[in-house]
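See below for the structure under consideration.
Worth knowing before you read on, the calculation uses all heavy atoms, side chains too, and leaves out hydrogens, waters and symmetry mates. Both ligands and their constituent atoms are indexed starting at 1 by order of listing. Everything numeric here is computed off the predicted structure, so don't read it as measured data.
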Amino acid sequence: MIRVGLTGGIASGKSAVGDEMARLGALVIDSDQLARDVVAPGTPGLQQVVDRFGPEVLGADGFLDRPRLGAIVFGDDGARADLNAIIHPLVLAARNQIESQVLDPYAIVVSMIPLLVEIGAAKSFDVVVVVDVGPDAQLARLMARNGLSEAEARARMSAQVSREQRLALADFVVRNDGTLEQLRERVHAVWHELLRLRGGMGDGCGC
Ligand SMILES: CC(C)(COP(=O)(O)OP(=O)(O)OC[C@H]1O[C@@H](n2cnc3c(N)ncnc32)[C@H](O)[C@@H]1O)[C@@H](O)C(=O)NCCC(=O)NCCS
Ligand SMILES: Nc1ncnc2c1ncn2[C@@H]1O[C@H](COP(=O)(O)OP(=O)(O)OP(=O)(O)O)[C@@H](O)[C@H]1O
């Protein structure tokens with residue numbers, strides 16, 4: 001098995017890369033999705049969030065009001081650290097549980113972790129893949145996707161390590177400054193390298 005950590009700044013294109021790797025045969029574990037699952041209605045995670053941030057972060061439907069909580073934590077380092085301290089251990093446990101169920105020795109398991117560098121997890125992986133995009137495209141894509149103002153989008157970008165810090169830990173970089181079709185081609189090139197690595201790890205792939 002090869003354990004791949006896939007990271008990148010907010011709105012860099014991790015999901016697009018993860019989707020393509022899944023199409024190519026990877027088992028992709030999405031930490032953003034796990035971070036949603038652990039605060040689903042009725043979970044201890046959601047209760048902890050409400051205990052810390054108050055019932056006003058709950059919508060009328062009982063689900064976490066994510067835009068409201070985002071507006072709180074991306075403007076306040078202390079609040080964000082408190083939220084991270086609740087969510088991150090729950091996500092790590094969920095990820096470990098999924099990984100422990102992978103029995104295929106040929107599997108390429110891609111853990112998509114937005115904050116891989118921030119939490120110091122690079123050494124937990126055989127390979128780190130960084131999706132990299134320039135700040136102008138990143139800002140534009142983030143504002144468009146989330147309907148954020150420029151100030152809100154910049155606050156989210158500032159809550160993460162710099163592009164340089166992330167690139168310093170990359171084994172492979174997937175640039176996402178072109179079209180989605182170009183991105184897919186670049187993912188295929190990295191995938192080929194992962195297959196070669198898997199062959200070199202003695203599990204018989206040989207490709
Ligand atoms: C604040 C929350 C409710 C906002 O929800 P929202 O649906 O708007 O965003 P979503 O969860 O889809 O995250 C989008 C992106 O924001 C960035 N981001 C999310 N949380 C954080 C954080 N604590 N610090 C820095 N960047 C973050 C990541 O790049 C992530 O991919 C949510 O992001 C959250 O619960 N964050 C804390 C948990 C966390 O760290 N998740 C990221 C990986 S485990
Ligand atoms: N090459 C591209 N050209 C145009 N739009 C793109 C490209 N790559 C990604 N996008 C768009 O940019 C946005 C961010 O991409 P994506 O959701 O894959 O990023 P992400 O890194 O997973 O984001 P997050 O960190 O918020 O989870 C999406 O709306 C996506 O459709």
Verify same cluster id: V50, F63 (apolar side-chain graph, 4.5 Å): no
Ligand 2 contact by A137, heavy-atom criterion under 4.0 angstrom: no
Atom 22 (O) of ligand 2: the protein heavy-atom neighbour that sits closest, reported with distance to 0.1 Å: S15 OG, 2.7 Å
Proximity to ligand 2 by part of T179, non-hydrogen separation under 4.0 Å: backbone
Numbering as shown, the atoms of ligand 2 that approach I10 to under 4.0 Å (heavy-atom distance): 25 (O), 26 (O)
Closest approach of any protein heavy atom to atom 11 (C) of ligand 2, naming residue and atom: R141 CD, 4.2 Å
Contact check, P114 vs ligand 2, heavy-atom distance below 4.0 Å: no
I87, portion touching ligand 1 at heavy-atom distance under 4.0 Å: side chain
Close-contact set for ligand 2 against A16 heavy atoms, below 4.0 Å: 18 (O)
R3 side chain near E99 side chain, heavy-atom distance below 4.5 Å: yes
Nearest neighbour in protein (non-hydrogen) for atom 23 (O) of ligand 2: R145 NH1, 3.0 Å
Those atoms of ligand 2 less than 4.0 Å from some heavy atom in G9: 21 (O), 25 (O)
Contact check, side chains of I87 and V49, non-hydrogen atoms, under 4.5 Å: yes
Identity and distance of the protein heavy atom lying nearest atom 19 (O) of ligand 2: G13 N, 3.1 Å
Main-chain N/O of I10 paired to Q138 side chain as donor or acceptor, under 3.5 Å: yes
Any G178 heavy atom less than 4.0 Å to ligand 2: yes
Ligand 1 contacted by R36 (non-hydrogen, < 4.0 Å): yes
Part of L115 with heavy atoms under 4.0 Å of ligand 1, whether side chain, backbone, both or neither: side chain
Side-chain heavy-atom pair N176, R141 within 4.5 angstrom cut-off: yes
Closest protein heavy atom (residue, atom, distance) for atom 9 (C) of ligand 2: N176 ND2, 3.7 Å
K14, any N or O under 3.5 Å of ligand 1 N or O: no
Closest protein heavy atom (residue, atom, distance) for atom 27 (O) of ligand 2: D32 OD2, 3.0 Å
Protein heavy-atom partner closest to atom 25 (O) of ligand 2 - residue, atom, separation in Å: K14 NZ, 2.6 Å
Region of R80 engaging ligand 1 - heavy atom pairs below 4.0 Å: side chain
Donor-acceptor under 3.5 Å (T43 side chain, V38 main chain): yes
Within-cut-off N or O pair, Q160 and ligand 1, under 3.5 Å: yes
Structural part of V39 in contact with ligand 1, heavy atom criterion under 4.0 angstrom: neither
Polar contact flag for H88 and ligand 1 (N/O pairs, less than 3.5 Å): yes
Distance-only N or O hit between ligand 2 and L183, under 3.5 Å: no
Protein contact of atom 18 (N) of ligand 1 - nearest heavy atom, named by residue and atom, plus distance: F74 CZ, 3.8 Å
